Amino acid sequence: MTALTLSTAAAPGLRADAIVIGVAKGAKGPVVAPGAEAVDKAYDGRLADVLDTLGAAGAEGELTKLPSPAGFKAPLVVAVGLGAEPEKDASYDAETLRRAAGVAARALAGTKKAAFALPVADADAVGAVGEGVLLGAYSFDAYKENGKDAKNGRSPLAEASLLGGKPRDAAHKAALARATAVSEELNRARDLINMPPNDLNPAQFAAIAQTAAKEHGLKVQVLDEKALAKGGYGGILGVGGGSAAAPRLVKLSYTNSKATKHLAFVGKGITYDSGGISLKPAGHNETMKCDMSGAAAVFAAVVAAARLGLEVNVTGWLALAENMPSGAAVRPGDVLRMYSGKTVEVLNTDAEGRLVLADALWAASAEKPDAIVDVATLTGAMVLALGNRTMGVMANDDAFRTTVHETAEQVGEPSWPMPLPEHLRKGMDSPTADIANMGERAGGGLVAGLFLREFVGEGITWAHLDIAGPAFNEQGPFGYTPKGGTGSAVRTLVRLAELSADGELA
Ligand code: BES
Ligand code: MN
Ligand code: ZN
């Protein structure tokens, strides 16, 4: 992972492979952003003209490379577009900086050390640039020759120093430490998502959680198939029954002696979703290793909360199973007795996420946390509704849904509030069981949300994040988002934990 430091070094004498600067779109052409004054000065104050000549406009995501001016130790200047210049006296917003830093960090793969001279007006901006660098530099090369990107033989940027931040300022140091902890854990979530499903089955995921728990002083409890059977976890066992790799329920607990609040995070952890007996057609299953993205996000968020020492108790529940067809698999028509005692008629074995989540939600509810947030790549319907970059937010409490939605937006994770229309509930009425695992096709994402709601304990505040769209990026990289696993929802969960620690959450 890229090493991140704050530096007060002056640009000309910097020993680095490149200096990153910002360029914005001004009213009359490109404008050099604050932070790059020394570079501009070395170009005799003509850097904006030089960039203009090179065709740079300052558009978001734009990248222009130019040779350093005479006297600079670093040979290369990388100008990254910031979009429209902010109004007078306003500063660049965090997400703009995060994305620009990410674009530059990715473009610098193959170089050893870069200095980032972006406009950092305060500690928040330091944190945003730090996150952008660490998230943008990420690359999943574990399965490539020599661990390097096979296409161009490059390794990710090894070192980044942020100029303009103050190494002795407590707020700046804290922002950098936070960015480092959150980004490193988020990148670990990406690694888990990108891992092929033959190397990450439920037991293997659980073992990774156990190792991390030891390292970070978390309590961990793993229920294997025997314990699940003894406990009556019919949903998780039903979904996992078709696989040669048995399911697991992992409970990770972070406790802080000063905590007054308790949050529970529940993640869908289908290590591979073939659809089961209701098999997905070819073309719909190549990316289904990503179906454990919710569990990966919960795992990362709990570890990050521990690393940050947040004054809140956080319990993470990872509902891990592999959804496979076999002679032992659950059939359409089977009835499962869930952990809550309710019975579910399985009409479609591809609606498996809600079955494993139902058991984990009920288990989480037994501890009476102040709130539960579940995260799941739950429905294709949510992808159709909101596209590939926005998660849907549902809840049993309007105010909490608003808070979760606004929190997600604040940390740079696009989300949108979705309703739970009561009339869709009767579509899941079953002639045989208490409820069916499928309802009307229309509003499929909301139907899934309504199903989950039935397994949340009475009186507990709950929100559901459907990340089926943003969890896995099948298109090209953008901003600080790579191809493949994105780590969607990690930053929202961490921020929710921080809000709860500060007494600003339900
Ligand atoms: N894991 C899928 C949802 C999904 C789709 C995630 C696309 C990421 C990208 C989920 O288990 C599923 O198969 N859902 C079904 C539910 C249906 C059978 C009611 C779906 O959305 O089609
Ligand atoms: Mn499915
Ligand atoms: Zn699934």
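When a ligand or atom number is given, it counts from 1 through the structure's own listing order. All values reported here derive from a predicted model rather than from experimental measurement.
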Which part of [X] is near ligand 1, with near meaning a heavy atom under 4.0 Å away: side chain, backbone, both or neither?
| X | value |
| --- | --- |
| Met382 | neither |
| Leu378 | backbone |
| Glu474 | neither |
| Asp350 | both |

Heteroatom of Asp273 nearest to the Mn ion (ligand 2) (N, O or S, atom name)
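The closest N, O or S atom of Asp273 to the Mn ion (ligand 2) is OD2.
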
Looking at Glu352, the N, O or S atom sitting nearest the Mn ion (ligand 2) is OE1

When you measure from the centre of the six-membered ring of Phe140, is the NZ or CZ of Arg190 under 6.0 Å away and within 45° of the axis?
no

cation_pi(Arg389, Phe478) dist<6.0 Å, angle<=45
yes

Heavy-atom gap [X] to ligand 1 smaller than 4.0 Å:
| X | result |
| --- | --- |
| Arg441 | no |
| Arg354 | yes |
| Lys280 | yes |
| His284 | no |

Side chains of [X] and [Y] only: does a donor on one sit below 3.5 Å from an acceptor on the other?
| X | Y | value |
| --- | --- | --- |
| Tyr143 | Asn194 | no |
| Asn323 | Ser243 | no |
| Asn473 | Thr481 | no |

Numbering as shown, the atoms of ligand 1 that approach [X] to under 4.0 Å (heavy-atom distance):
| X | value |
| --- | --- |
| Asp273 | 1 (N), 2 (C), 10 (C), 11 (O), 13 (O) |
| Met438 | 19 (C) |
| Ala468 | 6 (C), 8 (C), 9 (C) |
| Lys268 | 1 (N), 10 (C), 11 (O) |
| Met288 | 1 (N), 4 (C), 5 (C), 6 (C), 7 (C), 8 (C), 9 (C) |

Specify which N/O/S atom of Asp273 comes nearest to the Zn ion (ligand 3), by atom name.
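The nearest such atom is OD2.
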
If you look at Asp291, which of its N/O/S atoms is nearest to the Zn ion (ligand 3)?
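Of all N, O or S atoms in Asp291, the Zn ion (ligand 3) lies closest to OD2.
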
Side chains of Leu355 and Val346 in contact at under 4.5 Å (non-hydrogen atoms)
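Answer yes - side chains close enough.
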
Using the six-membered ring wherever Trp is involved, compare the ring planes of Phe451 and Phe455 and label them parallel, tilted or perpendicular (cut-offs 30° and 60°).
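Ring orientation of Phe451 relative to Phe455: tilted.
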
Take the angle between the ring planes of Tyr233 and Tyr339 and call it parallel below 30°, perpendicular above 60°, tilted in between.
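Tyr233 vs Tyr339 ring planes: parallel.
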
Compare every heavy atom of [Y] with every heavy atom of [X], then report the nearest pair and how far apart it is.
| X | Y | answer |
| --- | --- | --- |
| Gly449 | His464 | CA-CD2, 4.1 Å |
| Ala264 | Pro369 | CB-CG, 3.8 Å |
| Val411 | Arg98 | O-NH1, 3.3 Å |

Passing option when Leu496 is tested against Val312, Val314, Leu505 for side-chain contact (heavy atoms from CB on, under 4.5 Å)
Leu505

Nearest 0.5 angstrom please: Thr461 OG1 to Arg401 CZ, how far?
13.0 Å

If we only count N/O pairs under 3.5 Å, is Gly380 in contact with ligand 1?
yes

Would Glu352 count as being in polar contact with ligand 1, using the rule that some N or O on each side must be under 3.5 angstrom apart?
yes

Does any N, O or S atom in Asp291 come within less than 2.8 Å of the Mn ion (ligand 2)?
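No, since none of the N, O or S atoms of Asp291 sits under 2.8 Å from the Mn ion (ligand 2).
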
Using 2.8 Å as a strict upper limit, say whether an N, O or S atom of Glu352 approaches the Zn ion (ligand 3) that closely.
yes

The Zn ion (ligand 3) contact by Lys268, N, O or S atom under 2.8 Å:
yes

Residue pair Lys251, Glu367: steps toward the salt bridge (charged side-chain N to carboxylate O under 4.0 Å, His left out) verdict
CA-CA 12 Å; Lys251 177 186 179 188; Glu367 303 196 316; 2.6 Å; yes

Closest protein heavy atom to atom 18 (C) of ligand 1, given as residue, atom name and distance to 0.1 Å
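I find the closest protein heavy atom is Asn348 ND2, 3.5 Å.
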
